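For clarity, every value in this text was computed on a predicted model and none was experimentally measured. Chain letters run A, B, ... following the sequence lines, proteins first and then strands; every chain starts at 1.
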Amino acid sequence: MSGPDASGFSEGQQQELLQAIETMQTRDSMRMYNNLVEKCFTDCVDSFRRKDLDATEEKCVQKCCEKFMKHSARVGMRFGEFTAAAEKQMAGLQGK
Amino acid sequence: MSGPDASGFSEGQQQELLQAIETMQTRDSMRMYNNLVEKCFTDCVDSFRRKDLDATEEKCVQKCCEKFMKHSARVGMRFGEFTAAAEKQMAGLQGK
Amino acid sequence: MSGPDASGFSEGQQQELLQAIETMQTRDSMRMYNNLVEKCFTDCVDSFRRKDLDATEEKCVQKCCEKFMKHSARVGMRFGEFTAAAEKQMAGLQGK
Amino acid sequence: MASQQPDSSQALILAQQEMEYRVALFNKMVTSCFDKCIDRKYKDGDLNVGENSCVDRCTSKYWQTTGIVGQLLGTGQA
Amino acid sequence: MASQQPDSSQALILAQQEMEYRVALFNKMVTSCFDKCIDRKYKDGDLNVGENSCVDRCTSKYWQTTGIVGQLLGTGQA
Amino acid sequence: MASQQPDSSQALILAQQEMEYRVALFNKMVTSCFDKCIDRKYKDGDLNVGENSCVDRCTSKYWQTTGIVGQLLGTGQA
């Protein structure tokens with residue numbers, strides 16, 4: 001996933017942009033973490049007769065989480081390819 | 001949809017407020033765009049035996065999108081009326 | 001729910017942090033309000049043959065709202081307990 | 001709430017939050033009434049008569065719901 | 001993580017993000033356990049005994065889920 | 001859009017928003033295709049062959065949907 005074009009920004013601005021990217025990434029990974037917990041909890045836990053997760057629920061949450069991470073990585077690969085192809089096409093159009 | 005009361009702000013502050021509004025509008029239209037894609041995709045695409053949208057799916061996405069925009073415009077009109085009526089009522093109460 | 005550790009911040013920074021907390025709380029309570037309206041509307045209102053809520057719908061929205069607030073308060077209590085226990089455990093681990 | 005004059009940057013933040021709130025309310029009204037009123041088969045790109053009047057009533061009921069919840073939250077918080 | 005002393009504005013941002021994270025976690029716990037435990041008929045404005053104990057167990061299991069996912073993400077990212 | 005040279009802080013804001021948009025698009029693609037392709041029984045921590053190819057096709061169709069909607073919004077707004 002390539003970032004937006006950074007040329008045309010001064011060094012100070014690039015610094016600022018980099019820090020903004022970092023802040024956004026932290027925020028985004030926290031959000032992803034929260035969403036993952038919510039999703040796997042919703043799909044795996046449905047009985048509330050005890051206050052602790054039983055072995056089946058725990059395993060389900062683990063597999064759910066692993067599966068989501070692998071899925072997310074695969075989508076990331078594809079997303080990168082689409083973005084790259086789109087940028088190439090844009091560059092081609094501007095070159096004409 | 002009328003904005004919040006801008007009187008009582010200095011010119012510089014009004015500038016700042018206007019820029020904040022603009023930033024928010026851009027962010028909001030991007031969010032709307034993303035939500036629209038997600039909604040129409042969820043409702044229209046359900047078969048994954050090919051990697052390209054077929055004609056039926058494409059048409060469905062188009063109609064979904066058109067319908068959503070018309071719907072959104074209509075809600076906007078109503079929302080404006082409710083807001084205006086509420087502000088009128090507020091002004092009436094304060095005038096007493 | 002205890003906040004993050006504020007020691008190590010200068011007075012000015014603590015001020016800034018406090019204002020950031022306040023801004024976040026306002027934003028959060030507005031978001032909660034919006035979510036509550038959406039949830040109770042979705043669960044309670046399903047007929048659109050008139051433009052005004054009937055008595056049954058109105059009561060449903062009220063109970064939904066009351067129930068949500070009580071529920072939210074209870075979750076808050078538990079959340080506070082979990083957070084406190086986790087912090088105690090962290091402190092114990094660091095003390096070793 | 002405070003009798004003190006709030007400084008101007010705080011007033012700006014409040015005005016911004018007020019706007020954010022309105023935008024969020026509007027967006028939720030759009031989504032909720034779309035789900036309640038619009039047929040998901042999307043045969044046509046236009047809203048038909050039934051959908052149009054459903055949207056009008058739905059937004060009206062949504063707005064009223066906003067009022068009820070607001071009142072309850074207000075008394076609950078005071 | 002960095003052995004360097006982070007400058008103070010960055011520490012402020014981190015503290016703010018930590019808070020945002022907690023608020024978001026809390027909100028999701030509220031929503032998830034409401035969906036799992038509360039009867040949507042809303043006959044009564046109070047939580048009944050069954051709902052109350054469901055909420056207690058639900059929050060406990062939600063918190064434990066947070067721990068499991070956190071561990072897996074931690075090892076996955078390291 | 002404006003023929004005027006935008007000042008640099010505005011360009012920064014735009015660059016940030018562009019990133020936010022991409023992240024949000026990616027996240028929605030992840031969620032949508034997870035819901036469409038992944039069996040919720042979670043018997044295994046790996047994606048099986050069927051899930052893998054479903055994900056590839058799902059992302060491709062999602063990306064195409066992005067294009068169609070973008071075109072319609074573009075013409076609608078112009």
Side-chain angles (χ1 to χ4, degrees), chain A residues 1 11-77 79-80, chain E residues 1-2 4 6-40 47-78:
Chain A
M1 218 188 301
E11 218 172 293
Q13 289 181 316
Q14 290 195 19
Q15 272 293 327
E16 210 181 311
L17 193 56
L18 281 176
Q19 189 159 352
I21 292 177
E22 211 177 297
T23 304
M24 217 178 63
Q25 280 174 337
T26 316
R27 176 172 293 138
D28 190 58
S29 63
M30 283 175 172
R31 212 169 276 172
M32 198 269 250
Y33 172 45
N34 261 328
N35 288 339
L36 188 49
V37 170
E38 188 188 32
K39 165 131 213 77
C40 295
F41 179 80
T42 302
D43 288 354
C44 293
V45 185
D46 244 330
S47 143
F48 299 99
R49 286 192 286 176
R50 301 199 184 151
K51 75 174 192 35
D52 293 310
L53 294 171
D54 64 34
T56 317
E57 291 167 331
E58 227 174 286
K59 251 183 212 163
C60 179
V61 168
Q62 279 166 354
K63 309 264 188 220
C64 169
C65 190
E66 280 173 39
K67 227 165 180 167
F68 187 90
M69 287 190 286
K70 281 167 191 164
H71 167 73
S72 186
R74 192 168 186 105
V75 175
M77 260 168 36
F79 192 83
Chain E
M1 275 155 252
Q4 235 188 324
D7 70 75
S8 54
S9 79
Q10 234 178 323
L12 262 178
I13 289 172
L14 277 176
Q16 253 179 280
Q17 288 185 329
E18 162 77 17
M19 278 187 296
E20 277 179 40
Y21 160 72
R22 283 191 197 194
V23 169
L25 170 60
F26 173 70
N27 286 338
K28 284 198 178 295
M29 197 187 264
V30 168
T31 319
S32 299
C33 291
F34 195 86
D35 287 345
K36 296 273 190 195
C37 294
I38 308 297
D39 183 19
R40 296 196 185 185
L47 303 175
N48 61 43
V49 184
E51 287 171 332
N52 265 331
S53 73
C54 179
V55 173
D56 290 349
R57 288 162 188 165
C58 180
T59 51
S60 167
K61 285 190 168 189
Y62 198 94
W63 186 262
Q64 286 169 22
T65 304
T66 305
I68 297 174
V69 174
Q71 246 175 336
L72 280 169
L73 282 184
T75 52
Q77 284 177 335

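For the pair E/Lys36 and A/Phe41, the cation-pi criterion (under 6.0 Å, within 45° of the ring axis) is fulfilled.
In terms of modelled atom types and a separation under 3.5 Å, the side chain of A/Tyr33 and the main chain of E/Thr66 share a donor-acceptor contact.
The part of E/Ile68 that comes within reach of chain A is its side chain, from C-beta onward, which places non-hydrogen atoms under 4.5 angstrom from that chain. Contacts between E/Glu20 and chain A at a heavy-atom distance below 4.5 Å involve the side chain alone, from C-beta outward. When heavy atoms are compared at a cutoff of 4.5 Å, A/Glu58 approaches chain E by way of both its backbone and its side chain.
At most 12 heavy atoms of other shown residues, nucleotides or ligands fall within 6.0 angstrom of atom NZ in A/Lys59.
Here A/Arg50 is the residue among A/Arg31, A/Gln62, A/Arg50 with the most heavy-atom pairs under 4.5 Å with chain E. Heavy-atom pairs under 4.5 Å with chain E peak, among A/Val45, A/Asp52, A/Asn35, A/Thr26, at A/Asp52. With chain A as the partner, the residue from E/Lys28, E/Gln17, E/Met29, E/Arg57 showing the most heavy-atom pairs under 4.5 Å is E/Arg57.
A disulfide is assigned to A/Cys64 and A/Cys40, since their SG atoms are nearer than 2.5 Å. In this model, A/Cys44 has its SG atom within less than 2.5 Å of the SG atom of A/Cys60.
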